[in-house]
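Everything below concerns the one structure shown next.
Quick note on labels: first sequence line is chain A, next is B, and so on, each numbered from 1.
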There are 2 protein chains.
Amino acid sequence: MGLVKIQDVARHAGVSAATVSRVLNGRATVNPELAARVLAAVRELGYRPNGVARNLRRRQTTLWAVLVSDVGNPFFTSLVRGVEDGARQSGYSVVLCNTDENRAREAEYIAVALADNMAGVIISPADDSTDLSALVAAGTAVVTIDRELAGTEVDAVLVDNEKGAELAAAHLLASGYRRIACITGPRRMSTAMQRLRGYQRALRAFGVPLDRALVRHADFREAGGYSAMAALLDEGVEMDAVFAANNLMTVGAVECLTERRVPIPERVGVIGFDDIPWARLFRPGLSTVRQPTYELGRAAARLLADRIENPARPAARMVLQTELHPRESSHPRPH
Amino acid sequence: MGLVKIQDVARHAGVSAATVSRVLNGRATVNPELAARVLAAVRELGYRPNGVARNLRRRQTTLWAVLVSDVGNPFFTSLVRGVEDGARQSGYSVVLCNTDENRAREAEYIAVALADNMAGVIISPADDSTDLSALVAAGTAVVTIDRELAGTEVDAVLVDNEKGAELAAAHLLASGYRRIACITGPRRMSTAMQRLRGYQRALRAFGVPLDRALVRHADFREAGGYSAMAALLDEGVEMDAVFAANNLMTVGAVECLTERRVPIPERVGVIGFDDIPWARLFRPGLSTVRQPTYELGRAAARLLADRIENPARPAARMVLQTELHPRESSHPRPH
DNA sequence: CATTTCTGAGAAATCGATTGCTCGCTTCGC
DNA sequence: GCGAAGCGAGCAATCGATTTCTCAGAAATG
């Protein structure tokens, strides 16, 4: 039981509590003979320092808060796993915070991180107006993931969204598709706009005219992808392929097409931004642009650990690259 | 910044720190006029109580540790999400601990939970020899999930594995399959054995002879499912269907069959225990027995919160039921 | 050999809240 | 009208470690 405290160890070893602390933390030199007695006492009594007391005194905990919209989204699942691995390696534990893109929930968790003196926060901001100033003011280390916040000088780990989207669209174009729809996210999300830009750049590079009727803004969720796809079909927009700007919307779009018996890729080719676990087992195998989600988490963890050690360093900005995974849903079409 | 403390508030409101504390915690009656002054001071100064100090004094934190083998496994992803929702509702935060079924890692996290005075632990034990005695001795609330530990009097949230497996096997039998292989987990895991028993019970109920050559023990992972399937094929065991005892092994088995161009379900029918997100989009749509993973997490959270409030209550044991989701991989065969 | 510097260990302050105890004042009962 | 009971608020102890301060004794210096 946690009822043995540092005083008990001190008494048992015939030294002062200060000495026990010094031995355990290796802060100062201690007579080896005393140190041995202390360690023996620690072992005999099964002493385990009280972390809360230590945290109070040190004014620092070994906790990180990780704020994501939903661990259930495979993108974040793998990212969170990456963060956790990195955290453990540096001696931190990870508090999981699902915000559901809800500003209030997000603010609540930031308040908790502050109140509990957490050592750092890794956050994928709900939208571009998320307020990190309280954290920054309190000197809490912060790393943003996936999204960058204008006007906030914090570390950021990003993905080259524009390039990735360009990769996806270019792949469809190279496969012979010409009327490519784009289902992207909300206008107020920088990632949605970046992916849209990448799509447009690829079209321009191939000399294919942009058609605003082919571009839809949805909510980055399954239902959003589904209804955007449905709208495109219902409106009879001429279209031979679709690029969906995240994993869930891709699933939604595919479900809509499947339900309406639109053959993929014969009638409509499909490619999605961001991978889905076991996408290769889908019918048809889903072409995707993979984001290095696990590595994103690892990188964020590295940055955060580093910033905690070195609070003065100027804000860093890491941009990771995506990777094209062509599968059957975007098979080349004869033209 | 977190530099305003209770003394500052007290001074500002012209009262003692004790009174501020009482107002904020609503423990005792305080003159309404004073209370108003305190609240005003709190607001003006932007005071936020230091959680660490409070935790030290109260000898209790608002943290739960959740130990699972891997959030990346969809089973745990959804379960963890359930726990987190429940935790938030009760005012707790969740520390995510991935053990990778590694005893040392598990022990390490238990030590952290103890050192940091966490209010409770929800754990899916690595195997049946996981030692929770330190937690129990320290009076930490514990709930086990998915697995039950013999000889430990703690709350448990379980799934009716035997019944679920029976459901799966019976479904195959009812669809006309007769030579059904079973790829289950390691012998030392109770869940693996329960699912095996359910499979056997269904066979007996249908008067189909048990054949030990059809039963394989793998590691509950993708690679394990793959090689068990490969072995079955290589050995030329007569077989017209396979029941895989968890989600990852099902995927492995399907991959093996697909790779070797064994048509599912024409040549070999497939059903898996535990669902996979978007299994309906697989080729072929994967039949599964779904576990209520999210609800498992919610239930565990409820039990834990309740036990923290009521430490003396006798250990509870909740058993949730599974649900058959037949899809194409187990289509009825003409016989 | 006297004086200064260095070392290492203990005593006590500290982190920032909560809470038991005390005490003055009011209210009530007889 | 006086003592008992009740109430509300402050003082100070407490949670359990870390760290600053202090000081004795050893080592180094002149």
Side-chain angles (χ1 to χ4, degrees), chain A residues 1-39 41-42 45-63 111-112 114-119 138-139, chain B residues 1-39 41-42 45-63 111-112 114-119 138-139:
Chain A
M1 186 154 173
L3 40 54
V4 34
K5 23 192 149 176
I6 201 167
Q7 277 297 352
D8 303 327
V9 177
R11 217 176 348 256
H12 196 267
V15 299
S16 73
T19 299
V20 175
S21 173
R22 285 192 272 256
V23 170
L24 260 39
N25 295 296
R27 290 288 191 212
T29 48
V30 175
N31 183 324
E33 202 243 323
L34 286 194
R37 286 216 317 262
V38 167
L39 290 175
V42 165
L45 300 180
Y47 170 68
R48 190 171 284 298
N50 180 319
V52 179
R54 157 179 301 173
N55 290 342
L56 176 58
R57 178 64 230 222
R58 291 221 180 124
R59 327 178 78 182
Q60 172 89 288
T61 65
T62 53
L63 245 36
V112 171
L114 240 25
D116 282 358
N117 255 313
M118 299 204 188
Chain B
M1 185 154 172
L3 38 59
V4 35
K5 22 191 148 180
I6 200 167
Q7 276 297 352
D8 303 326
V9 177
R11 214 175 351 253
H12 196 266
V15 300
S16 74
T19 298
V20 176
S21 173
R22 288 186 192 112
V23 170
L24 260 40
N25 295 297
R27 290 290 190 210
T29 47
V30 176
N31 183 326
E33 203 242 323
L34 286 194
R37 288 216 317 259
V38 166
L39 291 176
V42 165
L45 301 179
Y47 170 68
R48 187 171 285 300
N50 180 319
V52 179
R54 157 179 302 173
N55 290 341
L56 176 59
R57 177 65 231 225
R58 291 219 180 127
R59 325 177 84 187
Q60 171 90 288
T61 65
T62 54
L63 245 35
V112 170
L114 240 26
D116 283 358
N117 255 311
M118 299 204 187

All side chain to side chain contact (heavy atoms under 4.5 Å, CB included) counterparts of B:Val42, not counting sequence neighbours:
B:Val9, B:Leu24, B:Val38, B:Tyr47

If only side-chain N and O atoms of B:Tyr47 are considered, is one of them under 4.0 Å from the OP1 or OP2 phosphate oxygen of C:dA17?
yes

Nearest heavy-atom neighbours spanning B:Asn117 and B:Arg59
OD1-O, 4.3 Å

Could you check which of D:dG16, D:dT14, C:dC15 has an atom nearest any side-chain atom of A:Arg59?
C:dC15

A:Gln60 CD - D:dT19 P separation (whole Å):
12 Å

Please work out if B:Asn25 contacts a base, only the sugar-phosphate, or nothing of the nucleic acid, heavy-atom cut-off 4.0 Å.
sugar-phosphate

Expressed in angstrom and rounded to an integer, what is the separation of B:Asn55 atom CG from C:dT19 atom P?
12 Å

Side chain of B:Arg54, heavy atoms from C-beta onward: which of D:dT18, D:dA17, C:dT18 has the nearest atom to it?
C:dT18

So which protein N/O to nucleotides 25-28 of chain D N/O distances come out below 3.5 Å?
none

Between atom CG in B:Asp8 and atom C1' in C:dA17, what is the gap in whole Å?
13 Å

Taking all non-hydrogen atoms of both residues, which atom of B:Arg48 and which atom of A:Ala111 are closest, and how far apart?
NH1-CB, 3.8 Å

Is there a side-chain contact (heavy atoms from CB on, under 4.5 Å) between B:Leu34 and B:Val23? Walk through the geometry before answering.
CA-CA 9 Å; B:Leu34 286 194; B:Val23 170; over 6 Å; no

Scanning both residues in full, the closest heavy-atom pair of B:Val4 with B:Gly46 reads CG1-O, 4.0 Å

Donor-acceptor pair, side chain of B:Thr61 and main chain of B:Asn55, under 3.5 angstrom
no

So side chain to side chain donor-acceptor pair (under 3.5 Å) across residues 11-26 of chain A, not counting sequence neighbours, yields A:Asp8-A:Arg11, A:Ser16-A:Thr19, A:Ser21-A:Asn25, A:Asn25-A:Arg58

Nearest-angstrom distance from the residue atom CG of A:Asn117 to P of C:dA17:
10 Å

So, for B:Ala115 and A:Pro49, which heavy atoms are closest and what is the spacing to 0.1 Å?
CB-O, 3.9 Å

Looking only at side-chain atoms of A:Ala18, point me to the closest of D:dA17, D:dT19, C:dT18.
D:dT19

Nearest-angstrom distance from the residue atom CG of B:Leu56 to C1' of D:dC15:
4 Å

Please report, rounded to the nearest Å, how far the P atom of D:dA17 is from the CZ atom of A:Arg48.
12 Å

If I compare all heavy atoms of B:Val112 with all of B:Met118, which pair ends up nearest, and what's the gap?
CG1-CE, 4.2 Å

Contact pattern, 5' to 3', of nucleotides 4-9 of chain C - B, S or - by protein heavy atom under 4.0 Å
----SB

Hey, what do you get for CZ (B:Arg57) to CG (B:Asn50), rounding to the nearest 0.5 Å?
15.0 Å

Can you name the residues that form a salt bridge (Lys or Arg N to Asp or Glu O under 4.0 Å) with B:Arg37, not counting sequence neighbours?
B:Glu33

Heavy-atom closest pair, residues A:Ala35 and A:Val30
N-CG1, 4.2 Å

Given axes from five pairs at either end, by how many degrees does the helix from C:dC1-D:dG30 to C:dC30-D:dG1 bend, rounded to 10°?
50°

No-H, no-angle donor-acceptor pair, A:Arg58 side chain to D:dT18 base, under 3.5 Å:
no

Send over the distance from B:Arg57 CZ to D:dC15 C1', rounded to a whole Å.
6 Å

For the side chain of A:Ile6, counting heavy atoms from C-beta on, which of D:dT18, C:dA17, D:dT19 is nearest?
D:dT18

If I take atom CZ in residue A:Arg11 and atom C1' in nucleotide D:dA17, what distance separates them, rounded to the nearest angstrom?
15 Å

